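Worksheet: one structure, shown below.
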Amino acid sequence: MIDFTLTDEQLAMREMAHDFAEKEIRPVAWDYDRDGTWPQEIIEKAWELGLMNSHIPAEYGGPELGTLDGAIIEEELSWGCSGITTSLSANGLACTPVILGANDELKKEYLGRLSEAPLMAAFCLTEPDAGSDVSGMKTTATRKGDKWVISGSKCFITNGEYANWYTVFAKTDKEAGHRGISCFIVPRDAGVIVDKHEDKMGQRASNTATITFPDVEVPLNHLVGEENHGFKLSMMTLDHTRPGVAAMATGVSRAAMEMAIDYSKERVQFGVPIAMHQAIQFMLADMATKVHLSRLSYYNAATLLDQGRRNTIESSHAKRFAADSAMEVTTDAVQVFGGYGFIKEYKVEKLMRDAKILQLYEGTAQIQRLVIARETLLPRKADAPVTV
Ligand code: CAA
């Protein structure tokens with residue numbers, strides 16, 4: 001059965017998230033963007049309301065919502081500000097490998113920390129020389145007695161400066177390519193160094209840092225999943241989280257479309273509101289189609305996971321379509337505003353800057369196409385595992 005009707009619980013959750021975005025995020029979003037401020041106050045309020053960590057299972061103190069539930073929340077919050085939403089939702093990226101692969105003791109300790117207090121965690125995969133090419137990473141983890149010693153540096157780490165703990169991917173067998181990567185939890189107080197805070201074009205309320213692990217030691221049981229199985233764990237994680245990025249992109253597109261609609265009804269040129277001109281109507285129509293299809297694509301990708309099915313291609317379809325659409329919709333929204341769209345006072349330009357990163361993080365638009373091409377040319381088994 002195909003049914004796009006949300007349950008009463010999902011509708012109530014969507015309303016709560018929208019209300020939060022409208023009252024707590026929107027009014028301050030442009031100030032946070034201008035100053036690049038860390039949204040601590042908003043994080044604390046969102047955490048209190050249960051709008052963070054939706055993915056954490058109940059036995060570790062979380063609300064154990066489904067992937068679709070979490071994505072619906074992300075669309076609404078991103079309608080308010082996608083930068084602040086990146087800060088609020090990045091725990092999901094850091095926790096997914098833990099939920100998929102960690103032992104019970106690790107889950108209790110580290111997922112429990114996020115359930116007990118408004119703390120942050122960060123997902124550390126990317127390195128200066130290993131972005132799209134994950135298996136080119138140079139960070140190493142070496143077994144020494146009863147410890148793992150982790151050495152290396154990770155860049156573009158969301159929430160890196162504020163994280164209480166890190167999910168870190170490192171080479172445990174340098175000769176084995178993608179089959180020599182493992183995943184670890186590294187608590188911040190193990191000696192992690194925050195090297196660089198990035199000054200970004202958009203999503204300026206999110207924190208992006210370089211994180212260095214200078215021979216940091218963690219106990220042997222801080223290995224997440226099996227040794228040398230970290231690459232697949234990272235790919236499975238991205239299958240889980242890309243629908244959320246698509247949902248965020250949908251929220252950004254929707255916000256831009258609404259601004260363009262409101263402005264087109266007010267702005268008079270050639271004696272009529274510009275909404276009366278077909279040239280503008282067609283731009284608004286294309287925006288509406290893109291918002292609609294972006295939402296359907298993330299609903300589909302998220303629902304498959306909630307049904308326990310693999311969603312690799314659908315996840316990439318959703319991420320690439322919704323992110324590309326967000327870039328197009330926000331650019332067209334600026335166009336509807338004409339010269340005013342280029343002026344910060346009119347606010348729509350922030351959405352265009354924010355949209356850009358959606359085509360870059362959690363796999364570029366090109367990587368999504370690469371995944372789609374591979375899955376189309378050489379489909380993997382539909383019953384391939386979705387957990388490790
Ligand atoms: N699920 C399970 N297994 C998978 C998988 C998936 N989705 N995708 C690939 N695999 C398996 C393959 O079956 C293969 O298995 P075998 O070893 O058994 O053969 C293995 O993994 C290697 O797969 P590939 O040959 O496809 O690997 P590749 O090196 O060619 O890489 C890639 C594939 C798609 C390019 C991948 O590297 C990729 O997704 N790159 C982008 C990384 C990315 O998204 N980075 C963003 C980091 S997160 C972020 O943005 C930070 C932030 O804070 C926001």
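Order of appearance sets the numbers: ligands from 1, and atoms from 1 within every ligand. Predicted, not measured: the structure shown is a model, and the values here were computed from it.
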Answer yes if the side chains of Glu127 and Thr139 hold a donor-acceptor pair under 3.5 Å, and no otherwise. yes
N/O to N/O below 3.5 Å, does that happen between Tyr361 and ligand 1? no
Quick one about Gln203 and Ser82 (side-chain donor to acceptor, distance below 3.5 Å, no hydrogens or angles considered), yes or no? yes
Going by the rule ring pair (Phe, Tyr, Trp, His ring centres under 6.0 Å), which residues pair with Phe321 if we only count those two or more places apart in sequence or in a different chain? none
Gly363 to ligand 1: N or O pair under 3.5 Å? yes
Ligand 1 contacted by Arg242 (non-hydrogen, < 4.0 Å): yes
For ligand 1, the portion of Phe231 having any non-hydrogen atom under 4.0 Å away: side chain
Pick whichever of Met236, Lys154, Glu362 has a heavy atom sitting closest to atom 50 (O) of ligand 1. Glu362
Atoms of ligand 1 under 4.0 Å from any heavy atom of Thr312, numbered from 1 in the order shown, are 7 (N)
Under 4.0 angstrom from ligand 1, any heavy atom of Arg310? no
Exactly one of Asp31, Asp35, Asp199 clears salt bridge (charged side-chain N to carboxylate O under 4.0 Å, His left out) with Arg204, and that residue is Asp199
Got a second to check how far Asp69's CG is from Glu64's CD, nearest 0.5 Å? 11.0 Å
Heavy atom to atom 24 (P) of ligand 1, shortest distance: which of Arg374, Glu375, Gln203, Met235 holds it? Arg374
If you measure from atom 42 (C) of ligand 1 to every heavy atom of Val245, Asp239, Val134, which option wins on shortest distance? Val134
Can you figure out which of Leu238, Leu93, Leu360, Ile367 has its heavy atom closest to atom 35 (C) of ligand 1? Ile367
Applying a heavy-atom cut-off of 4.0 Å, say which part of Thr158 lies close to ligand 1: side chain, backbone, both or neither. both
Ser182-Thr172 side chain donor-acceptor pair, cut-off 3.5 Å: yes
Where ligand 1 meets Phe123 - atom numbers and elements under 4.0 angstrom, heavy-atom basis: 48 (S)
Using 30° and 60° as the class boundaries, would you call the ring planes of His277 and Phe270 parallel, tilted or perpendicular? perpendicular
Does an N or O anywhere in His178 fall below 3.5 Å from an N or O of ligand 1? yes
Compute whether any side-chain donor of one residue and acceptor of the other, for Ser87 and Ser206, lie under 3.5 angstrom apart. no
If you define the side chain from C-beta out and look only at heavy atoms, does anything of Met259 sit under 4.5 Å from Phe337? yes
Hey, would you say the His222 and Tyr110 ring centroids sit under 6.0 Å apart? yes
For ligand 1, is there an N or O atom under 3.5 Å from any N or O atom of Thr126? no
For ligand 1, which atoms, with element, lie under 4.0 Å from some heavy atom of Val371? 34 (C)
Pull out every atom of ligand 1 sitting under 4.0 Å from any heavy atom of Ser132, numbered as shown with elements. 35 (C), 37 (O), 38 (C), 40 (N), 41 (C)
Proximity of Thr364 to ligand 1 by residue part, where a heavy atom lies under 4.0 Å: neither
Look at the rings of Tyr263 and Tyr346 and say which category their plane angle falls in: under 30° parallel, 30 to 60° tilted, over 60° perpendicular. perpendicular
